[in-house]
Number of protein chains: 2
Amino acid sequence: MSKSGETRNYIMQKSFDLIYQKGYQATSIDDIISTTNVTKGAFFYHFKSKEQMGLGLISELLYPNLYDKMIKPLENSTDPVTDLYKMMEMLLNDKGFFNVEYGCPAINLIEEMSPISNLFKTALSKLVSTWHDAIVSAVRSAQSTALVKPHVSPEEVAVMIISGYGGVRTLGKVMGRDAYKTYLSGLKSYLIKL
Amino acid sequence: MSKSGETRNYIMQKSFDLIYQKGYQATSIDDIISTTNVTKGAFFYHFKSKEQMGLGLISELLYPNLYDKMIKPLENSTDPVTDLYKMMEMLLNDKGFFNVEYGCPAINLIEEMSPISNLFKTALSKLVSTWHDAIVSAVRSAQSTALVKPHVSPEEVAVMIISGYGGVRTLGKVMGRDAYKTYLSGLKSYLIKL
DNA sequence: ATTTAAAGATACTATTTGGTATGTTTTTAG
DNA sequence: CTAAAAACATACCAAATAGTATCTTTAAAT
């Protein structure tokens, strides 16, 4: 990677961390340049505005990372119900990318930015609908092998799981990891009955 | 009510609306005084700081309102499972206090403020644990009348319902009211199987 | 090695921020 | 009615904000 490319990536990674912890609007460019030791000139050379950097963060960092964690585990699955649980378990137990205190960076951005920026909303809703569709496919696939009852609505399951995930990330912010643990056991009961 | 009390309430109500729509940190005191036509002198006469006003908002406006909507419907219930569904239905269909675009003011504040302010976190976690305990009681009560199977964990159900609620409020921000509708039908299936 | 463009550094700006100091006007109590 | 306190108004402030203008340095190609 070129030196310039490295600088750009470094800015993005550090910005991602700061925004994850403090929120997008609460993270100032001065915050970013002081924690990166990159100058303002360099920042605005690589990004024409804070907004463009934020949108880049979503498409270049958030989306690929979450695609691996949320969608990939559901692809080519022979036992989708088990895989849905495992996906959630891996997400909630991943202490590298996530921190209970700060929740999920995608949920945080949806909460903060969707109501006030259509650009952010559009970028973030792509992630949500990709996940949604992957869950729907997984449930349909489970129905085709009779692992899930035919009368179950895959869309309903998708909304239940996505909502559960988003909500437990919020709940974790005030209740800590206990919320994750309890949710996982609740999810297991839920999935078994499908 | 005294004139002074009215001014205070008016500031709080308008601040609540602004914060609900834009977020706490993104709402400036100048925003508040310009939409209320109250001067900065009046604002700082009634509240020693923006933070105190925000905390007052939680205890004086948010808590009482949500207590009525979340906890009261579960009190002295003869059919707690039905009442849990109705509580959620009323919450999600309430277009007076809530707006799909902006989600739930409590969830928004938890998301934004919990990680960066212990005062906010403490105030908000009271609301969450009160709701949690009310749901646990309702499920226990349903078990005592054999409306819910005895092996079901009430705490698990509480976390599932609170998470589902918080998550669907987030999901609604990007997907609109369809998310609410689908979630409600998923919740019904879930509750029936308890 | 020299030129040229890319990459980065520095200093500035106009606006907005939460908050204060110091007023003036209303209420209220005697 | 009058004194005093409560309620509100105005003008300010230092810090922080996103962004720009203008440099200097570094890298690449000839």
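Here is the naming used below: chain letters follow the sequence lines, and residue numbers restart at 1 for every chain.
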Whole angstrom value for the distance that separates [atom2] of [N] from [atom1] of [X]:
X     : N      : atom1 : atom2 : value
A:I29 : D:dA18 : CD1   : P     : 5 Å
A:Q52 : D:dG19 : CD    : C1'   : 14 Å
A:K48 : C:dG8  : NZ    : C1'   : 21 Å
B:D31 : C:dG18 : CG    : C1'   : 12 Å
A:R8  : C:dG8  : CZ    : P     : 12 Å
B:E6  : C:dT26 : CD    : P     : 16 Å
B:F47 : D:dC8  : CZ    : P     : 11 Å
B:F44 : C:dT20 : CZ    : P     : 7 Å

May I have the list of side-chain donor-acceptor pairs in residues 79-88 of chain A shorter than 3.5 Å, sequence neighbours left out?
from  : atom 1 : to    : atom 2 : distance (Å)
A:D79 : OD1    : A:T82 : N      : 3.4
A:D79 : OD1    : A:T82 : OG1    : 3.2
A:D79 : OD2    : A:T82 : OG1    : 2.4
A:D83 : OD2    : A:S77 : OG     : 2.2

Practice task
Return the residues of residues 33-43 of chain A meeting this criterion: a heavy atom under 4.0 Å from some atom of DNA chain C. Order them by number, or give none.
Solution key: A:T39, A:K40, A:G41, A:A42
Handout entry: Positions of residues 21-28 of chain B (non-hydrogen atom under 4.0 Å from DNA chain C), listed by number
Key = B:T27, B:S28
Fill in the blank from the handout: Quick note, side chain to side chain donor-acceptor pair (under 3.5 Å) partners involving residues 133-152 of chain B, not counting sequence neighbours, are B:R140-B:E155
Practice task
Check B:A134 against B:I71 and note the closest heavy-atom contact, atom names and distance.
Solution key: CB-CG1, 3.9 Å
Fill in the blank from the handout: For B:V157 and B:V152 the tightest heavy-atom approach is CG2-CG1, 3.6 Å
Problem - Exercise: do B:Q25 and A:Q25 side chains pair donor with acceptor under 3.5 Å - result: no
Problem - Distance-only polar pair, side chains of B:D17 and B:Q13, donor-acceptor under 3.5 Å - result: yes
Name each donor-acceptor pair under 3.5 Å that joins a side chain in residues 167-178 of chain B to protein atoms two or more places apart or in another chain, with its distance.
from   : atom 1 : to     : atom 2 : distance (Å)
B:R169 : NE     : B:Y165 : OH     : 3.0
B:R169 : NH1    : B:Y180 : OH     : 2.9
B:R169 : NH2    : B:L91  : O      : 2.9
B:R169 : NH2    : B:Y165 : OH     : 3.3
B:T170 : OG1    : A:E111 : OE2    : 2.5
B:T170 : OG1    : B:G166 : O      : 3.1
B:K173 : NZ     : A:E111 : O      : 2.9
B:K173 : NZ     : A:E111 : OE1    : 2.6
B:K173 : NZ     : B:N108 : OD1    : 3.0
B:R177 : NH2    : B:L92  : O      : 2.7
B:R177 : NH2    : B:N93  : OD1    : 3.3

Practice task
Verify the contact: side-chain N or O of A:H46 to OP1 or OP2 of C:dA6, cut-off strictly under 4.0 Å; return yes or no.
Solution key: no
Exercise for the section: Tell me whether the OP1 or OP2 atom of D:dA18 has a side-chain N or O from A:S49 closer than 4.0 Å. Expected result: no
If you look only at distance, which donor and acceptor atoms sit under 3.5 Å apart when one is on a side chain in residues 183-194 of chain B and the other is two or more places apart or in another chain?
from   : atom 1 : to     : atom 2 : distance (Å)
B:S185 : OG     : A:E156 : OE1    : 2.4
B:S189 : OG     : A:E156 : OE2    : 3.1
B:S189 : OG     : B:S185 : O      : 3.0

Exercise for the section: Assign the ring pair A:Y20 / A:Y102 to parallel, tilted or perpendicular, where the plane angle (0 to 90°) is split at 30° and 60°. Expected result: perpendicular
